[in-house]
Number of protein chains: 2
Amino acid sequence: MFSKACEYGIKAAIFIAVNSSENNRVSPKEISEEIDSPQAFTAKILQALVKNNVIKSVRGAYGGFEIDKDKIATIKLAQIVYAIDGDGIYNGCGLGLHTCNENHPCPVHDKFKVVREELRDMLENTTLDQLASDIKSGVSFLKI
Amino acid sequence: MFSKACEYGIKAAIFIAVNSSENNRVSPKEISEEIDSPQAFTAKILQALVKNNVIKSVRGAYGGFEIDKDKIATIKLAQIVYAIDGDGIYNGCGLGLHTCNENHPCPVHDKFKVVREELRDMLENTTLDQLASDIKSGVSFLKI
DNA sequence: TTTATTTCGGATAAATTTATCCTATTTATA
DNA sequence: TATAAATAGGATAAATTTATCCGAAATAAA
Ligand code: FES
Ligand code: FES
């Protein structure tokens, strides 16, 4: 469904959100340990999230990654997926036609569209703070 | 969402269904032309569908691929996806945890499960003859 | 039985995604 | 200002997916 990069990106963002809510800046090392991902690869994905203004990086000693506390509740899963995997999952044709087009639909268009839009709604209505709070309360998990 | 292989497999199966309903056997060459896919790669995918009893192959002169006419209405999209991409899309965790587990859920488990099950229902309730009939009537398209 | 046709299957190559490594740049503190 | 710590970013490698090639096996028809 999502690329590995996107999976790592989502989990990393949640972990950063959890820590930022406690005024704690985190490093790629901590992140990759907590979400069980390759460190250098994860660092690259973090850079993409920084460029897309999903997270903030602070360079130099005592630096790390963080998210403005008051921004955590406004960041949607959709932004993360878009930053890393692009918009193919929303707009692309399920059977790989060049474009998904109502007027030139592939055989599964009508049925696929429903699923795709449910996925989009889900991603656009899920914020980082919702996901972070379940991690904090031990209801959900970032690895294993 | 689906792999390229799976996209080709679905489109190929639909094209074969269309032709078999008219007692017409087709070759990988015709198939790949009609669904706009690489021929040799498509042939490999057809072999997988044959092994999984989705389609039938007839070797030698005047051979080709076909589907038993009375079987076309019983073949579900789910069987094709399963034969090529496996069951990851149904059972796998959206964030890549080793297994999707109610008792050890990832942060998006509850929300992702809904989308995943809608996708599964769609695939399990869509048969080849439904898709083939839209192609025959010119309502849907296999390429461009 | 020979020939032409066609799928099967293994080997290989190209492209993309995933992953690692190393150096440059930035920054807080001593 | 010097030093240590940390992200940025380019180069490269490994793994996976996508794609191609070619000979073997099967089959219908001449
Ligand atoms: S045309 Fe294929 S999903 Fe819309
Ligand atoms: S545990 Fe991640 S989707 Fe169920």
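From a predicted model like this one, the values you see are computed outputs, not experimental measurements. In what follows, chains are A, B, ... by sequence order, proteins preceding strands, each numbered from 1.
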| request: Provide, to the nearest angstrom, the distance between the NZ atom belonging to B/Lys4 and the C1' atom belonging to D/dT20. | output: 17 Å
| request: Examine the side chains of A/Asn125 and A/Asp121 and answer whether a donor and an acceptor come within less than 3.5 Å of each other. | output: no
Which atom pairs, one a donor and one an acceptor, fall under 3.5 Å between side chains of residues 135-144 of chain A and the rest of the protein, sequence neighbours left out?
{"residue": "A/Lys136", "atom": "NZ", "partner": "A/Ser21", "partner atom": "OG", "Å": "2.8"}
{"residue": "A/Ser137", "atom": "OG", "partner": "A/Ser133", "partner atom": "O", "Å": "3.1"}
{"residue": "A/Ser137", "atom": "OG", "partner": "A/Asp134", "partner atom": "O", "Å": "3.4"}
{"residue": "A/Lys143", "atom": "NZ", "partner": "A/Glu33", "partner atom": "O", "Å": "3.1"}

| query | Once you build an axis from the first five pairs and another from the last five of the helix from C/dT1-D/dA30 to C/dA30-D/dT1, how far apart in angle are they, to 10 degrees? | reply | 0°
Give the table of side-chain donor-acceptor pairs shorter than 3.5 Å for residues 111-120 of chain B, with sequence neighbours excluded, one pair per line with atom names and distance.
{"residue": "B/Lys111", "atom": "NZ", "partner": "A/Thr126", "partner atom": "OG1", "Å": "3.2"}
{"residue": "B/Lys111", "atom": "NZ", "partner": "A/Gln130", "partner atom": "OE1", "Å": "3.1"}
{"residue": "B/Lys113", "atom": "NZ", "partner": "B/Glu102", "partner atom": "OE2", "Å": "2.8"}
{"residue": "B/Arg116", "atom": "NE", "partner": "B/Tyr90", "partner atom": "O", "Å": "2.9"}
{"residue": "B/Arg116", "atom": "NH1", "partner": "B/Gly92", "partner atom": "O", "Å": "2.8"}

| request: Please confirm whether the backbone N or O of A/Phe15 pairs with a side-chain atom of A/Asn19, one donor and one acceptor, at under 3.5 Å? | output: yes
| Nearest-Å distance, CZ (B/Phe2) to C1' (D/dT17)? | 17 Å
| Interface residues of residues 6-34 of chain A with DNA chain D (non-hydrogen, below 4.0 angstrom) | A/Val26, A/Ser27, A/Pro28
| request: Determine the minimum heavy-atom distance between B/Pro105 and B/Leu97, stating which atoms define it. | output: C-CD1, 4.4 Å
| query | Quick check: does any side chain N or O of B/Ser20 sit under 3.5 Å from a backbone N or O of B/Ala17, one acting as donor and the other as acceptor? | reply | no
| task | Identify, residue by residue, the members of residues 35-63 of chain A with a heavy atom below 4.0 Å from DNA chain D, and return them in order of residue number, or none. | result | A/Lys44, A/Gln47, A/Ser57, A/Val58, A/Arg59, A/Gly60, A/Ala61, A/Tyr62, A/Gly63
| said: With no hydrogens and no angle check, just 3.5 Å: does a side-chain donor-acceptor pair link A/Thr42 and A/Ser37? | reply: yes
For residues 54-69 of chain B, run the donor-acceptor check on the side chains, cut-off 3.5 Å, and write out each pair with its distance to 0.1 Å, sequence neighbours left out.
{"residue": "B/Lys56", "atom": "NZ", "partner": "B/Asp68", "partner atom": "OD1", "Å": "3.1"}
{"residue": "B/Glu66", "atom": "OE1", "partner": "B/Arg25", "partner atom": "NE", "Å": "2.9"}
{"residue": "B/Lys69", "atom": "NZ", "partner": "B/Asn23", "partner atom": "OD1", "Å": "3.3"}

| request: Could you state whether B/Tyr82 and B/Tyr8 fall into the same hydrophobic cluster, counting links through intermediate Ile, Leu, Val, Met, Phe, Trp or Tyr residues with side-chain heavy atoms under 4.5 angstrom apart? | output: no
| request: Tell me, yes or no, whether the heavy-atom count around B/Lys76 atom NZ, taken from other residues, nucleotides or ligands under 6.0 Å, exceeds 12. | output: no
